[in-house]
Amino acid sequence: MMMHLLPYPKSVIGGETTVCLPLSVSGDAFPCAADTFAQYTHRIFGVEVSNSEGGLTLASDPTLAHEGYRLSVTGAGAFLTASSEAGAQNGVMTLLQLLESAPIGGFMTLPECTVEDAPDCSWRGMMVDLARDFHKLPVLYDYVDLCRFYKIRYLHLHFTDDQSYTLPSRAYPALSTPHRNYTEEELKGLIAYAKARGVEIIPEIDVPGHCTSFAEGYGDIFGRNGIISQSEASMKAMETIFGELCELFSDSEYIHMGGDEAAIAKWCEDQGTLDAFRAKGVNVDSMDKQALAEYLYAAFIARICEKITACGKTPVVWEGFHESVNHMIPRNAVVMSWENFYQTTPSLQKAGFRLINCSWAPMYVVTPVAHWPLSEVYDWSIYKWRPVHPDSPYLHTGLEIEPTKQVEGGQLLAWGDHIPKQFDDIDDGVKAEFDLMAERASALSENTWNVEKRCDFEAFLLRLDHIDHLLTALLENNEGRA
């Protein structure tokens, strides 16, 4: 019997015969994973999972990898062991995918097998742009479910950009764009929902560029010339805002501070910025303008990273700073390499940064104008980049590096620039975006769980065809959620 599983496990033994087991779950080891299995089984098949022995039993085994699991299905029951909730969550998704047919009469039919599994990449992520096109809250819950189904660990939410500031702020409430923002209560509910399913949310406030919303809300503090001023008042306010973000997302290990596509030359004319650095003893008046701009850029990134670190979090930043200022950027910062223009991946690698592959092609989705076929997403690996920036040195050749632990994984990314231009109803555009992301999530999952391909594209499609109905039912039956 062929196992139709995505991502495909490291080891699968058996599968030739089937067993019929009670549709039940027992064991006190991993209650969140048990709840996920019961809730998802109910949403997909419309059946109730009982709390009794004989079906799925969850147990702890500290010798297994953090996200790893062992699943053994025999006539005596299905036994899932893991060392963490994260591993148990991954295991119950495998069990759920093995349920190709609906349980009947309180029993489930499963292939008799043993599965031993763990991911190759710690970073398996998906990003959604909420600032250019406001996504209603239920859509974010659907993204959590999508991540959980495919064992995607991180949901990166791009909360702010020129178009809107979708976060709440107690210290600076006028930052929040009216009718395009989430409340603390809404976000706390989303965070709890994600945590209960082993999905970590990575929130992003994108600064110092993409900051029109800051100028509209508090231009007297942050400036109004298209970049965040580095006056002391502005930077203290930025630290307050990121402190709020770290507090709200207290369960998140990573906090993204943006750091891309900033008009850094404007700092060279910003008196608040120049005066602040003069007061620190920096001779800004004698520096070359480009060198000064890069220095100020790195100083901004470093200060925000230090604030995030002081809050007990790990900062994440886009590739956007020049190699000449690498020495100023804290090495605990995780760098998302996307364009290989502002700084190339080999340069970042040589400098010792932790790296995430966010290659523009084929991992970007700009609905509906730019996205790549599923076959190309499947062909991608965490060591391949295909830049589209006209000045990237790898524009025509692409880039592939030798395998290295510095590249911790990869990410699929959805940007909403064109949705308002192409859709009369934003919700329709958001739905089209979700469908494109859901289709590609399977390939992202396969390529970050297994760095080396386990099968060809045709075999991958066959597995996808067999389990796609499970995801469809899971997302359709979302009653009772926010």
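Just so it is clear, the structure is predicted and the values come from calculations on it, not from any experiment.
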Does any donor atom in the side chain of Asp145 or Tyr40 lie under 3.5 Å from an acceptor atom in the other side chain? yes
Parallel, tilted or perpendicular: which fits the ring planes of His4 and His466, with parallel below 30° and perpendicular above 60°? parallel
Which residues pass the side-chain hydrogen bond (donor to acceptor under 3.5 Å, both in side chains) test with Asp120, sequence neighbours left out? Lys10
Within 45° cone of Tyr8 ring axis and under 6.0 Å: Arg463 NZ or CZ: yes
Please work out which of the three classes, parallel, tilted or perpendicular, describes the rings of His156 and His256, given edges at 30° and 60°. parallel
Side-chain ion pair, Glu376 and Arg386, N-O less than 4.0 Å: yes
In plain terms, say whether Glu408 and Arg354 are close enough for a salt bridge, that is, a side-chain N and a carboxylate O under 4.0 Å apart. yes
Give a yes or no on whether a salt bridge exists between Lys431 and Asp427, defined as a side-chain N under 4.0 angstrom from a carboxylate O. no
Given ring-ring contact (aromatic ring centres under 6.0 Å, His included), test Phe134 with Tyr182 step by step and report yes or no. CA-CA 10 Å; Phe134 187 70; Tyr182 307 100; 4.6 Å; yes
Is the ring centre of Trp123 less than 6.0 Å from the ring centre of Tyr254? yes
Any side-chain heavy atom of Tyr172 sitting closer than 4.5 Å to one from Ile241? yes
Just checking, is any N or O donor in the side chain of Trp318 or Asp206 under 3.5 Å from an acceptor N or O on the other one? no
In Å, rounded to the nearest 0.5 Å, how long is the span from NE2 of His371 to CE of Met363? 14.5 Å
Regarding Asn340 and Ser392, do their side chains bring together a donor and an acceptor under 3.5 Å, going by distance alone? no
With sequence neighbours excluded, residues passing side-chain hydrogen bond (donor to acceptor under 3.5 Å, both in side chains) with Ser169: Glu244
Does the ring-ring contact (aromatic ring centres under 6.0 Å, His included) test come out yes or no for Trp360 and Phe341, once each step is laid out? CA-CA 11 Å; Trp360 222 105; Phe341 161 65; over 10 Å; no
Is any side-chain heavy atom of Phe159 closer than 4.5 Å to one of Leu187? yes
Could you measure the distance from the CG atom of Leu155 to the CG atom of Leu146? Nearest 0.5 Å is fine. 9.0 Å
Answer yes or no: is there a side-chain heavy-atom contact under 4.5 Å between Ser234 and Phe222? yes
So how far is it from Leu245 CG to Lys307 NZ, rounded to the nearest 0.5 Å? 11.5 Å
Any Lys/Arg nitrogen of Arg124 or Glu67 sitting under 4.0 Å from an Asp/Glu carboxylate oxygen of the other? yes
So for atom NZ, which belongs to Lys405, do other residues, nucleotides or ligands contribute more than 12 heavy atoms lying within a distance under 6.0 Å? no
Check: Gln411/Trp338 side-chain N/O donor and acceptor closer than 3.5 Å: no
Which value, rounded to the nearest 0.5 Å, describes the distance between Ile329 atom CD1 and Tyr297 atom OH? 9.0 Å
Could you check whether the rings of Tyr165 and Phe214 sit parallel, tilted or perpendicular, using 30° and 60° as the cut-offs? perpendicular
Looking at Tyr378, is Lys453 sitting on its ring face, NZ or CZ under 6.0 Å from the six-membered ring centre and within 45 degrees of the normal? yes
